[in-house]
Chemist: 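What follows is a single structure, and I will ask about it in a moment.
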Amino acid sequence: MQLTQSSPRVSALQTLTVTVLFVLLAIHYSAAVFPSVLRACPRNSTDLDKCIIDVVNELRPRLATGDFGENFTITSLEPITIDRLTIERGENFKANFTNFRISGATHEKTGFIVKKLRTDLESRQINATLLLPKLQVNSKYALRMSILVLQINGNGDLQVNLTDTKVSLKLNFFTERIDGEEYFRFKPIALKIKFGKARFYLKNLFNGDPTLEAVGNQAINENPDVLLDEVKNGIEENLAKTFTQIAREVVKDALLEEVFPLS
């Protein structure tokens, strides 16, 4: 017998198909995807801040690779990359850095340490201070600057070893209501850096003249703030964008109840 649209068998198949489609769509659009390696911190916890610090410490190895398992990946923190930094302050300071890479933030033994963290659920804000004991910066550079009476110029490879760098973070979050569910969202992160000690090596200063190159590097290392202060704002802006991207990727499909459950 030929089946038609009015056939009970076709009608049943159509009903089953439509039902399955609705179930799949409901799962896709309403079920939050929150990586299981992220341990939630109950909002009524006796020490919510310590819980968050413990979770961050547990995640350090995964932040290095960006692999949270279960096909959940985010932007890696190792290395932190900045495509280009360009700074001009008249004729006395012109610098261009490309392929800027910061390594060591998530190192097993010398990676970041959460020194302070304060969560205010009422104002929906998290403030944190991180200490980064050891960082290494590598980049291509083109530089012209003045230190005291010395005019330094060159282009080539740059390496900087940074010790005890402090980073202050202000994270404001909010919720977005979608299909009756409250999704967790981050606003752009505010970030400030305080450099500790720095040791520079700029290869090919003064066209590679070994004597002048040594003099130039010595002058920079005796006055590191002259260079650090110039690049600080650019680094802060780029790191703030990177950290915001990572934070948003981690909770991209998470509900408020998953991040901060009631109990």
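Index from 1, following the sequence. In this text the structure is predicted, and so the values were computed from the model without any measurement.
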Chemist: I'd like to know if the side chain of E258 and the backbone of L255 have a donor-acceptor N/O pair within less than 3.5 Å.
Modeler: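 Yes, because the side chain of E258 sits within donor-acceptor range (under 3.5 Å) of the backbone of L255.
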Chemist: Got a sec, which residues hit ring-ring contact (aromatic ring centres under 6.0 Å, His included) with F173, two or more places apart in sequence or on another chain?
Modeler: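 Once residues adjacent in sequence are excluded, the partners of F173 under the ring-ring contact (aromatic ring centres under 6.0 Å, His included) criterion are F184, F260.
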Chemist: Do L262 and V55 land in one hydrophobic cluster if side-chain heavy atoms of ILVMFWY residues count as linked below 4.5 Å?
Modeler: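 No.
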Chemist: Taking atom CE of M145 and atom CG of N223, what is their separation to the nearest 0.5 Å?
Modeler: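 Going from the CE atom of M145 to the CG atom of N223 covers 8.5 Å.
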Chemist: Under the 3.5 angstrom rule, does the side chain of T244 hit a backbone N or O of I189 as a donor-acceptor pair?
Modeler: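 Checking the backbone N and O of I189 against the side chain of T244, a donor-acceptor pair under 3.5 Å is found.
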Chemist: Please examine the side chains of L169 and F243, heavy atoms only from C-beta on, and report whether any two atoms are closer than 4.5 Å.
Modeler: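 Of all side-chain heavy-atom pairs linking L169 with F243, at least one is under 4.5 Å.
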Chemist: Using the rule given for side-chain contact (heavy atoms from CB on, under 4.5 Å), can you reason through F186 versus V251, listing the C-alpha separation, both sets of side-chain angles and the distance that settles it, and then say yes or no?
Modeler: CA-CA 8 Å; F186 277 114; V251 298; 3.8 Å; yes
Chemist: Looking at every heavy atom in both P224 and F200, which two are closest together, and how far apart are they?
Modeler: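 Shortest heavy-atom separation between P224 and F200 comes out as CB-CE1, 4.0 Å.
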Chemist: What I'd like to find out is whether the side chain of P133 reaches to under 4.5 Å of the side chain of H107, using heavy atoms alone.
Modeler: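 No - every pair of side-chain heavy atoms lies 4.5 Å or more apart.
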Chemist: Tell me the salt bridge (charged side-chain N to carboxylate O under 4.0 Å, His left out) pairs involving residues 101-114, sequence neighbours left out?
Modeler: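 Checked against salt bridge (charged side-chain N to carboxylate O under 4.0 Å, His left out) - neighbours excluded - no pair reaches residues 101-114.
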Chemist: Kindly indicate whether the side chain of V167, heavy atoms from C-beta on, has any atom under 4.5 Å from the side chain of T129.
Modeler: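 Answer no - side chains too far apart.
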Chemist: Applying salt bridge (charged side-chain N to carboxylate O under 4.0 Å, His left out), can you list everything that pairs with E249, at least two apart in sequence or on another chain?
Modeler: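 Listed in chain order: nothing, the list is empty.
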Chemist: Could you state whether L150 and V226 fall into the same hydrophobic cluster, counting links through intermediate Ile, Leu, Val, Met, Phe, Trp or Tyr residues with side-chain heavy atoms under 4.5 angstrom apart?
Modeler: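 Yes.
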Chemist: Can K252 be said to sit on top of F72's aromatic six-ring, NZ or CZ under 6.0 Å from centre and within 45° of the ring axis?
Modeler: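 The answer is yes, since K252 meets both limits relative to F72.
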Chemist: Look up atom CD1 in I147 and atom CZ in F93, then write down how far apart they are to the nearest 0.5 Å.
Modeler: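 Rounded to the nearest 0.5 Å, the CD1-CZ separation comes to 9.0 Å.
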Chemist: Could you tell me the separation between the OG1 atom of T175 and the OH atom of Y183, rounded to the nearest 0.5 Å?
Modeler: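 Answer for the OG1-OH pair, T175 versus Y183, is 12.0 Å.
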Chemist: Taking all heavy atoms of E58 and all of P61, pick out the closest pair and write down the distance.
Modeler: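 So the two residues come closest at O-CD, 3.5 Å.
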Chemist: Give a yes or no on whether the backbone of I126 and the side-chain of R118 come within a donor-acceptor separation of less than 3.5 Å.
Modeler: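 A pair under 3.5 Å: no.
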Chemist: Minimum heavy-atom separation for L162 and A198, please, with both atom names.
Modeler: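 Closest pair (atom of L162, atom of A198, distance): CD2-CB, 3.6 Å.
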Chemist: So do P188 and R248 actually touch side chain to side chain, heavy atoms under 4.5 Å?
Modeler: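 A side-chain contact under 4.5 Å exists here.
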Chemist: Looking at residues at least two apart in the chain, or sitting in another chain, which of them share a side-chain hydrogen bond (donor to acceptor under 3.5 Å, both in side chains) with E222?
Modeler: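 Partners of E222 by the side-chain hydrogen bond (donor to acceptor under 3.5 Å, both in side chains) criterion, ordered by chain and then number, come out as Q218.
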Chemist: Go through L59 and F68 one step at a time and tell me if the side-chain contact (heavy atoms from CB on, under 4.5 Å) criterion holds.
Modeler: CA-CA 9 Å; L59 289 177; F68 277 49; 4.0 Å; yes
Chemist: Within the structure provided, determine whether V114 and F112 are in side-chain contact (heavy-atom separation under 4.5 Å).
Modeler: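 When only atoms from C-beta onward are counted, F112 and V114 do touch, with a gap below 4.5 Å.
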Chemist: I want to check something: taking the side chain as every heavy atom from C-beta on, are I235 and I193 in contact at a cut-off of under 4.5 Å?
Modeler: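 I235 vs I193: side chains touch.
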Chemist: Got a second to check how far T73's OG1 is from D67's CG, nearest 0.5 Å?
Modeler: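 T73 atom OG1 to D67 atom CG measures 7.0 Å (nearest 0.5 Å).
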Chemist: Quick one: are Q136 and N138 in side-chain contact, heavy atoms under 4.5 Å?
Modeler: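 With C-beta onward as the side chain, the pair touches.
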Chemist: Applying side-chain hydrogen bond (donor to acceptor under 3.5 Å, both in side chains), which residue pairs with at least one partner in residues 190-212 are found, sequence neighbours left out?
Modeler: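 Only Y201-E213 qualify under side-chain hydrogen bond (donor to acceptor under 3.5 Å, both in side chains).
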Chemist: Quick one: side-chain hydrogen bond (donor to acceptor under 3.5 Å, both in side chains) partners of N217, sequence neighbours excluded?
Modeler: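 Testing N217 for side-chain hydrogen bond (donor to acceptor under 3.5 Å, both in side chains), a comparison that skips the adjacent residues, returns none.
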Chemist: Not counting sequence neighbours, list each pair that qualifies as a side-chain hydrogen bond (donor to acceptor under 3.5 Å, both in side chains) and has a residue in residues 41-53.
Modeler: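 As it turns out, the side-chain hydrogen bond (donor to acceptor under 3.5 Å, both in side chains) pairs with a partner in residues 41-53, which skip direct neighbours, are R43-E257, D49-T119, K50-D54.
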Chemist: For the atom pair OG1 (T163) and CG (L132), what is the distance rounded to the nearest 0.5 Å?
Modeler: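 Here the rounded value is 11.0 Å.
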Chemist: Check whether V56 and L131 end up in the same hydrophobic cluster, where Ile, Leu, Val, Met, Phe, Trp and Tyr are linked by side-chain heavy atoms less than 4.5 Å apart.
Modeler: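 Different clusters.
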Chemist: Do L158 and V160 touch side chain to side chain, with heavy atoms closer than 4.5 Å?
Modeler: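 Result yes, sub-4.5 Å side-chain heavy-atom pair found.
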Chemist: Scan for side-chain hydrogen bond (donor to acceptor under 3.5 Å, both in side chains) pairs involving residues 140-150, sequence neighbours excluded, and state none if there are none.
Modeler: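 Sorted result for residues 140-150: E91-R144, K140-D157, S146-Q151.
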Chemist: Looking at P261 and C41, what are the two nearest heavy atoms and their distance?
Modeler: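 Result for this residue pair: CD-O, 3.6 Å.
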Chemist: Does the N153 side chain pair with the main chain of L143, one donor and one acceptor, at a distance under 3.5 Å?
Modeler: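 Judged by distance alone, no pair lies under 3.5 Å.
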Chemist: Scan for salt bridge (charged side-chain N to carboxylate O under 4.0 Å, His left out) pairs involving residues 167-178, sequence neighbours excluded, and state none if there are none.
Modeler: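 Matches after skipping sequence neighbours: E176-R185, R177-E182.
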Chemist: For S123, give me all partners under side-chain hydrogen bond (donor to acceptor under 3.5 Å, both in side chains), at least two apart in sequence or on another chain.
Modeler: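 For S123, the residues satisfying side-chain hydrogen bond (donor to acceptor under 3.5 Å, both in side chains) (neighbours in sequence not counted) are D120.
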Chemist: CG/L202 to CG/L227 distance, rounded to the nearest 0.5 angstrom?
Modeler: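 Here the interatomic distance stands at 7.0 Å.
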Chemist: Please list, chain by chain and in numerical order, all residues satisfying side-chain hydrogen bond (donor to acceptor under 3.5 Å, both in side chains) with N127, sequence neighbours excluded.
Modeler: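 Applying side-chain hydrogen bond (donor to acceptor under 3.5 Å, both in side chains) to N127 gives Q125.
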Chemist: Give every donor-acceptor pair under 3.5 Å between a side-chain atom in residues 76-89 and any protein atom, sequence neighbours left out.
Modeler:
residue: S76; atom: OG; partner: A64; partner atom: O; Å: 2.5
residue: S76; atom: OG; partner: E78; partner atom: N; Å: 3.0
residue: S76; atom: OG; partner: E78; partner atom: O; Å: 3.2
residue: E78; atom: OE1; partner: A105; partner atom: N; Å: 3.4
residue: E78; atom: OE1; partner: T106; partner atom: N; Å: 3.3
residue: E78; atom: OE1; partner: T106; partner atom: OG1; Å: 2.8
residue: E78; atom: OE2; partner: G104; partner atom: N; Å: 2.7
residue: R84; atom: NH1; partner: N96; partner atom: OD1; Å: 3.2
residue: T86; atom: OG1; partner: N96; partner atom: OD1; Å: 2.7
residue: R89; atom: NE; partner: E230; partner atom: OE1; Å: 3.2

